[in-house]
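Structure, as structure tokens:
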Protein chains: 2
Amino acid sequence: MAEPKSIVNPLFLRDEDLRQGIELLFFAYRDFTARGDAILAKQHFGRAHHRVIYFVGRHPGMTVSALLGILAITKQSLSRVLSQLVREDYIVQKTGVADRRQRLLHLTDKGRALEAELTSEQRARIMAAYKDAGAVSVEGFRKVMLGVMEPASRKHFQTPDK
Amino acid sequence: MAEPKSIVNPLFLRDEDLRQGIELLFFAYRDFTARGDAILAKQHFGRAHHRVIYFVGRHPGMTVSALLGILAITKQSLSRVLSQLVREDYIVQKTGVADRRQRLLHLTDKGRALEAELTSEQRARIMAAYKDAGAVSVEGFRKVMLGVMEPASRKHFQTPDK
DNA sequence: GGTTTTATGTCAATATTGCTGACATAATAT
DNA sequence: ATATTATGTCAGCAATATTGACATAAAACC
């Protein structure tokens with residue numbers, strides 16, 4: 001046989017490397033979310049609550065539609081989680097001024113506190129990994145991750161100000 | 001105020017960059033698994049079935065314990081999925097020779113076919129991203145991902161032969 | 001001004017994934 | 001002979017997600 005693929009593909013595109021890529025994503029994502037899940041479980045919340053809190057914290061005043069667009073789940077799925085968060089005073093919905101159909105989403109103080117607790121752990125994890133790897137590696141990480149995601153998802157990373 | 005953090009942290013460790021890191025992981029992982037989930041749904045399987053098929057394909061003859069160690073779930077959770085896959089002839093269990101308590105796991109032809117269908121899509125996705133990003137970026141990606149995961153998970157990436 | 005579309009919410013039924021706890025069997029190790 | 005290990009299974013529970021159907025209020029269109 002004499003390895004036909006090694007002629008066609010550069011060394012970093014061998015089947016073994018691609019499988020390693022698959023596994024890097026699996027283990028990194030799993031470990032990345034594990035701690036947050038544990039914190040949430042104490043509040044009887046799950047990862048879905050975390051995502052909602054995270055993105056509402058990131059984009060205060062966002063609409064429900066925009067959140068649905070980011071999370072890519074159905075409104076019925078979001079509804080339960082969002083209702084809980086509103087009911088338990090982590091999120092408030094303010095009627096839109098320009099468009100009164102909209103329920104603009106904001107974190108409450110309680111919501112901000114939980115967001116900080118959850119995100120700080122993940123931010124610390126990313127920071128440690130970035131620091132160890134160095135700026136050049138971080139740029140490579142960024143490029144590969146953007147390549148892995150769907151083109152539609154990349155628009156969340158356009159940097160208008162940078 | 002005059003941005004005290006920008007003095008302490010290099011440019012690539014600003015809060016904005018760390019948040020972007022969190023989001024890169026979220027979107028990349030979500031999009032990475034979406035297509036496979038869709039294929040599985042037709043078979044009335046889910047992502048858990050994919051993971052089992054993937055790792056059994058990767059390590060033929062592995063024990064149930066080893067699989068549990070990799071997936072980091074309970075044996076009860078694995079049991080349902082594994083039983084289904086055995087019942088529907090995707091995986092066979094062979095009694096261990098040295099230790100007859102073990103049920104060594106192997107894919108059947110049917111299992112290998114499904115594994116190929118699922119993995120080829122993900123491999124193609126990784127390959128495209130790697131190609132676009134280039135070898136240096138891939139090495140950076142690798143470093144960051146290893147940094148993000150738990151030390152215990154890193155042992156799955158030791159390269160005894162390379 | 002009447003019709004259509006949009007933004008949001010809700011009810012009901014279902015599937016998948018995970019958990020804990022309890023118990024069982026067979027085989028290996030001490 | 002006893003303890004431990006590898007594996008399996010039953011039962012119950014919780015979280016996340018789905019589809020489908022229906023409802024309301026507000027904006028947009030003609």
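Computed from a predicted model, the values in this text were never measured in an experiment. Sequence lines set the chain letters: A, B, ... in the order given, protein chains first and strands last, and positions in each chain run from 1.
A salt bridge does not link A:Glu139 to A:Lys143: none of the charged nitrogens lies less than 4.0 Å from a carboxylate oxygen. Salt-bridge check for A:Lys155 with A:Glu150: failed, with every basic side-chain N at 4.0 Å or more from each acidic carboxylate O.
Look at CD1 on A:Ile91: it is 14 Å from P on C:dT8, rounded to the nearest Å. Distance, A:Leu82 CG to D:dA17 C1': 16 Å, rounded to whole Å. If you measure from atom CG of A:Leu71 to atom P of D:dT16, you get 12 Å, rounded to the nearest angstrom. One can place CD of A:Gln84 at 15 Å from C1' of C:dG9, the figure rounded to the nearest angstrom. The distance between atom CG of B:Asp99 and atom P of C:dT25, rounded to the nearest whole Å, is 19 Å. The distance between atom CD1 of A:Ile73 and atom C1' of D:dT16, rounded to the nearest whole Å, is 8 Å. Per the geometry, CG belonging to B:Leu85 stands 12 Å off P belonging to C:dT16, to the nearest Å. The interatomic distance linking B:Leu104 (CG) with D:dG8 (P) rounds to 11 Å, in whole Å.
Of all non-hydrogen atoms in B:Gly147 and A:Ala129, the two that sit nearest each other are C-CB, 3.6 Å.
Dashed line: the shortest gap from a side-chain N or O of A:Thr74 to OP1 or OP2 of D:dA17 is not under 4.0 Å. Between B:Ser79 and D:dG8 there is no side-chain N or O to OP1 or OP2 distance below 4.0 Å.
When the local axes at the two ends of the helix from C:dG1-D:dC30 to C:dT30-D:dA1 are compared, using 5 base pairs at each end, they differ in direction by 30° after rounding to 10°.
Among the protein residues, A:Gln93 comes within range of the sugar-phosphate backbone only, with heavy atoms under 4.0 Å from sugar or phosphate atoms but none that close to a base.
Within residues 39-69 of chain B, the residues approaching DNA chain C are B:His44, B:Gly46, B:Arg47, B:Ala48, B:His49, B:Arg51, by heavy-atom distance under 4.0 Å.
No more than 12 heavy atoms of other residues, nucleotides or ligands lie within 6.0 Å of NE2 in B:His44, so this atom counts as exposed by the packing criterion. The number of heavy atoms from other shown groups lying within 6.0 Å of NZ (A:Lys94) does not exceed 12. With a 6.0 Å radius and a threshold of 12 heavy atoms from other residues, nucleotides or ligands, A:Arg35 has its CZ atom at or below the threshold. Applying the 6.0 Å contact sphere to CZ of B:Arg154 captures more than 12 heavy atoms from other residues, nucleotides or ligands.
For B:Tyr54 and A:Phe26, the gap between ring centers reaches or exceeds 6.0 Å. Taking the ring centroids of A:Phe32 and B:Tyr29, they lie at or beyond the 6.0 Å cut-off.
When each of A:Arg103 and B:Ser83 is assigned the nucleotide of DNA chain D bearing its nearest heavy atom, the one mapping closer to the 5' terminus is B:Ser83.
Between the base of C:dG18 and the side chain of B:Arg80 there is a donor-acceptor pair shorter than 3.5 Å. Contact annotation: side chain of A:Arg101 to base of C:dT6, donor-acceptor pair present below 3.5 Å. No donor-acceptor contact under 3.5 Å links the side chain of B:Gln76 to the base of C:dG18.
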Show which side-chain atoms of residues 80-88 of chain B pair as donor or acceptor with protein atoms under 3.5 Å away, not counting sequence neighbours.
from: B:Ser83; atom 1: OG; to: B:Ser79; atom 2: O; distance (Å): 2.6
from: B:Gln84; atom 1: OE1; to: B:His49; atom 2: NE2; distance (Å): 3.1

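Distances were taken from every side-chain heavy atom of A:Lys75 (C-beta onward) to each of D:dG8, D:dA17, D:dC22; the shortest belongs to D:dC22.
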